[in-house]
Protein chains: 2
Amino acid sequence: MRILVVEDNAALADGISSALTRMEMAVDVVGDGTEADVILRTQEFNLIVMDLNLPGYDGLDILKRYRQNGGKAQVLILTARDTLNDRVKGLDLGADDYLTKPFDLVELEARVRALLRRQSGFKSPEIAIGALIFDSVARRVSLMGEPLDLPRREFCLLELLISRAGQVVSKEQIADSLANFDQDISPNAVELYISRLRKRLAAANISIKTVRGLGYLLEK
Amino acid sequence: MRILVVEDNAALADGISSALTRMEMAVDVVGDGTEADVILRTQEFNLIVMDLNLPGYDGLDILKRYRQNGGKAQVLILTARDTLNDRVKGLDLGADDYLTKPFDLVELEARVRALLRRQSGFKSPEIAIGALIFDSVARRVSLMGEPLDLPRREFCLLELLISRAGQVVSKEQIADSLANFDQDISPNAVELYISRLRKRLAAANISIKTVRGLGYLLEK
DNA sequence: TGCCGGATGACAGGTTCCCGACAGCTTCGG
DNA sequence: CCGAAGCTGTCGGGAACCTGTCATCCGGCA
C-alpha cells in the first residue's frame with residue numbers, strides 16, 4: 001500500500017510517516033504543494049494524507065485538480081479545528097475523511113485502516129486463497145492454520161498480488177508499489193521477492209505464475 | 001488495444017506512435033481531419049489521441065460528430081498551452097482528458113494507461129471467438145477454458161488479428177504493427193508467427209486463413 | 001511440370017528469469 | 001555499546017524460453 005503524506009510541518013510529517021510505516025505501508029512525504037501536485041500527476045497512491053494549510057498553496061486546489069484528472073486514491077484531510085468550512089469544502093471536492101488537529105496517531109491509524117478497507121473493496125477483511133488466509137485489516141497472514149510472519153517487502157508483494165489476483169502484475173508495477181522515492185527497486189530485486197515468497201507458499205501448494213515479459217500472476 | 005492517433009505533425013505523430021507501440025498497442029496514424037472523420041465512422045478504437053489544431057479542419061468538430069454518432073472510445077486531446085478555450089470546449093464535447101503541448105512522452109503514456117484503465121472498468125474487455133477468449137486488459141488468453149500462455153509476439157499478432165477479425169490483414173501491416181522502431185520484421189518472420197499461432201489454436205479448431213498474395217484472415 | 005508464395009523444422013543467438021551466495025543494513029536484546 | 005539475527009538488495013551463473021534466419025518442403029496455379 002502506497003501512501004503520500006503532504007505536510008509542511010516536518011515533525012508532524014515524521015510522526016505520521018513512522019506511524020504508517022509501522023503499519024507496513026510504503027510512505028512518501030512531501031512538504032509543499034507544488035511538489036505534491038507534480039507527484040500526483042505522475043505516480044499512483046492508495047491513500048493521500050493532506051494538510052490543507054500549506055504555505056503558499058491551497059490544499060483544496062490540489063485535491064480538486066487531482067480528482068479532475070481522474071485520481072482515485074482515498075484522501076484524508078488534516079485541518080485545524082477552527083476551519084470547519086474547509087472541511088465541508090474538502091468533502092465536496094472529493095476528500096473521503098478528515099481529521100482535526102491536533103489528533104492522536106492512534107486515531108490516524110484507525111482512519112487510515114478504515115479508508116483502505118473501504119477502497120480495496122474487500123468485502124470481508126479476510127481473503128482465502130487455497131490454504132492461505134490474508135487478513136487485510138489485522139495485516140496478518142496464515143498458511144494452513146499456522147500464522148506466517150512475512151518480512152515487510154514480501155508482505156507488501158503478497159498484498160499486491162492478492163488485491164490483483166487473477167491478473168498479471170508487471171514487475172514495474174510491483175517495483176512502483178513497493179518503492180518510496182528515495183529508493184528504487186531493481187527488476188532483479190522484484191524477482192528475488194517473488195522467489196522468496198514462492199518458497200514460503202510452496203508448502204501450501206500455492207504458486208505464483210510467471211508470465212514471461214509481462215509479469216507475475218497469482219491465481220484466484 | 002487499438003489506438004488512433006490524429007496528428008498532422010509527422011515527427012510528433014511518429015514519436016507518439018512508437019511510444020504507444022512500445023506499450024503493446026496497435027496504433028494507426030492519420031494526418032488530416034477528413035481522413036480521421038472517415039475512419040472513425042468505419043472502424044472501432046479503444047482510444048483516440050487527437051490534436052485539435054489540424055490544418056483546414058477543426059478537431060472539435062470531429063470529436064463532436066464522433067460522440068453524436070455514438071462513439072464510445074476514450075479521447076485524449078492534444079492542444080497548445082494557450083488555447084484554454086479549446087480545452088474547456090473539448091471536455092464539454094466529450095473528451096476524457098487533455099494534454100498541453102509540449103509534453104513528455106512519459107506523461108502521455110501515463111495518461112493513456114489511466115484512460116484505458118478507466119474505460120475497462122465500464123466495459124467487459126473480453127472478446128470471444130469460438131472457444132477462444134481474449135482479454136486485452138488483463139493480457140490473458142484462454143482456449144477451451146484453459147489459460148493459454150502466449151509469447152509476446154504471438155500475443156500481439158493475435159490481438160491484431162482479433163481486432164480486425166473478418167478482415168484480411170496484410171503481411172506488411174502485421175510486420176508494421178509488431179515492429180519496434182529498432183528492428184524491422186521480415187515477411188518470413190510473419191509467416192513463422194502465423195505458423196506458431198496456428199499450431200496453438202488448432203486444438204480449439206480455430207483457423208487463420210491464408211489469402212494468397214494479400215495476407216491473413218481470422219474468421220469472426 | 002515449373003514457378004512462386006507460403007509453411008515449417010532446426011538451430012543459433014538473445015533475452016528473461018531463477019536462485020544461491022554474499023554483504024550492507026536494521027533491529028533488538030543484553 | 002556490542003553482537004546476533006533477520007531483512008534487503010546486488011551479483012552472476014545457469015536454465016528456460018523467445019525470436020528470427022536458413023533451408024527445405026508443400027501446394028496452388030499457369
Side-chain angles (χ1 to χ4, degrees), chain A residues 17-18 21-27 139 141 147-161 168-202 207-218, chain B residues 21-22 24 139 141 147-161 168-202 207-218:
Chain A
S17 168
S18 55
T21 304
R22 230 175 302 134
M23 292 168 68
E24 319 233 19
M25 308 287 168
V27 182
R139 312 194 73 69
V141 184
L148 178 62
D149 241 354
L150 288 179
R152 162 185 325 231
R153 283 272 132 99
E154 290 172 46
F155 181 91
C156 292
L157 171 58
L158 180 59
E159 179 176 47
L160 179 64
L161 288 174
V168 175
V169 185
S170 74
K171 243 183 278 198
E172 203 187 26
Q173 280 175 321
I174 293 174
D176 283 353
S177 115
L178 299 187
N180 355 19
F181 29 68
D182 39 339
Q183 40 169 205
D184 271 345
I185 289 181
S186 72
N188 202 337
V190 173
E191 290 166 15
L192 190 57
Y193 308 146
I194 291 278
S195 164
R196 286 173 180 159
L197 195 52
R198 271 180 176 150
K199 211 175 288 177
R200 292 185 203 265
L201 300 184
S207 70
I208 298 168
K209 213 170 145 195
T210 302
V211 183
R212 219 151 219 281
L214 291 176
Y216 297 91
L217 164 70
L218 180 65
Chain B
T21 304
R22 229 175 304 140
E24 317 218 20
R139 311 201 74 71
V141 183
L148 177 63
D149 267 341
L150 288 180
R152 181 198 318 257
R153 281 272 133 96
E154 289 173 44
F155 182 92
C156 291
L157 172 58
L158 180 59
E159 183 173 41
L160 180 64
L161 288 174
V168 174
V169 186
S170 74
K171 241 182 278 194
E172 197 183 289
Q173 278 176 321
I174 293 174
D176 283 353
S177 132
L178 299 188
N180 300 332
F181 56 118
D182 50 337
Q183 268 273 331
D184 274 341
I185 288 179
S186 73
N188 195 345
V190 174
E191 289 161 14
L192 189 57
Y193 308 146
I194 291 277
S195 166
R196 286 173 180 159
L197 196 52
R198 271 179 175 151
K199 210 175 290 177
R200 292 185 203 265
L201 300 185
S207 69
I208 299 168
K209 212 169 144 190
T210 303
V211 184
R212 272 181 96 82
L214 290 177
Y216 299 90
L217 165 69
L218 180 66

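In what follows, chains carry the letters A, B, and so on, assigned in the order in which the sequence lines appear, proteins first and then strands, with residues in each chain numbered from 1. Everything numeric here is computed off the predicted structure, so don't read it as measured data. The figures here come from the full heavy-atom set of this structure, side chains too, leaving out hydrogens, waters and symmetry mates.
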(message) To check you understand the geometry: which heavy-atom pair defines the closest contact between R200(A) and L150(A), and what is its length?
(response) CD-CD2, 3.4 Å

(request) Heavy atoms only: give me the nearest I185(A)-A175(A) pair and the separation to one decimal. (result) O-CB, 3.7 Å

(message) Please find the pair of heavy atoms, one from K171(B) and one from P187(B), that lie closest to each other, and give the distance.
(response) CD-O, 3.7 Å

(message) Looking at every heavy atom in both S177(A) and A26(A), which two are closest together, and how far apart are they?
(response) O-CB, 4.2 Å

(message) One character per nucleotide, please: for nucleotides 2-9 of chain C, 5' to 3', B when the base has a protein heavy atom closer than 4.0 Å, S when only the sugar-phosphate does, - otherwise.
(response) --BBSBBS

For a quick test of your reading: what N or O donor-acceptor pairs under 3.5 Å do the side chains of residues 210-217 of chain B make, sequence neighbours left out?
{"residue": "T210(B)", "atom": "OG1", "partner": "R198(B)", "partner atom": "NH2", "Å": "2.6"}

(message) So for the helix from dT1(C)-dA30(D) to dG30(C)-dC1(D), with five pairs setting each end axis, what is the inter-axis angle to 10°?
(response) 20°

(request) Measure the distance from CG on L197(A) to P on dT8(D) and round it to the nearest whole Å. (result) 12 Å

(message) Counting C-beta onward and ignoring hydrogens, is there a side-chain heavy-atom pair between L157(B) and R196(B) closer than 4.5 Å?
(response) no

(message) Without decimals, in angstroms, what is the distance between I174(A) CD1 and dC18(C) P?
(response) 10 Å

(message) Rounding to an integer number of Å, can you tell me how far D149(A) CG sits from dA5(D) P?
(response) 17 Å

(message) To the closest 0.5 Å, what do you measure between CG (L197(A)) and CG (L192(A))?
(response) 11.0 Å

(request) Report yes if some heavy atom in the side chain of L178(A) is under 4.5 Å from a heavy atom in the side chain of L160(A); otherwise report no. (result) no

(request) Please report, rounded to the nearest Å, how far the C1' atom of dT26(C) is from the CZ atom of R153(A). (result) 13 Å

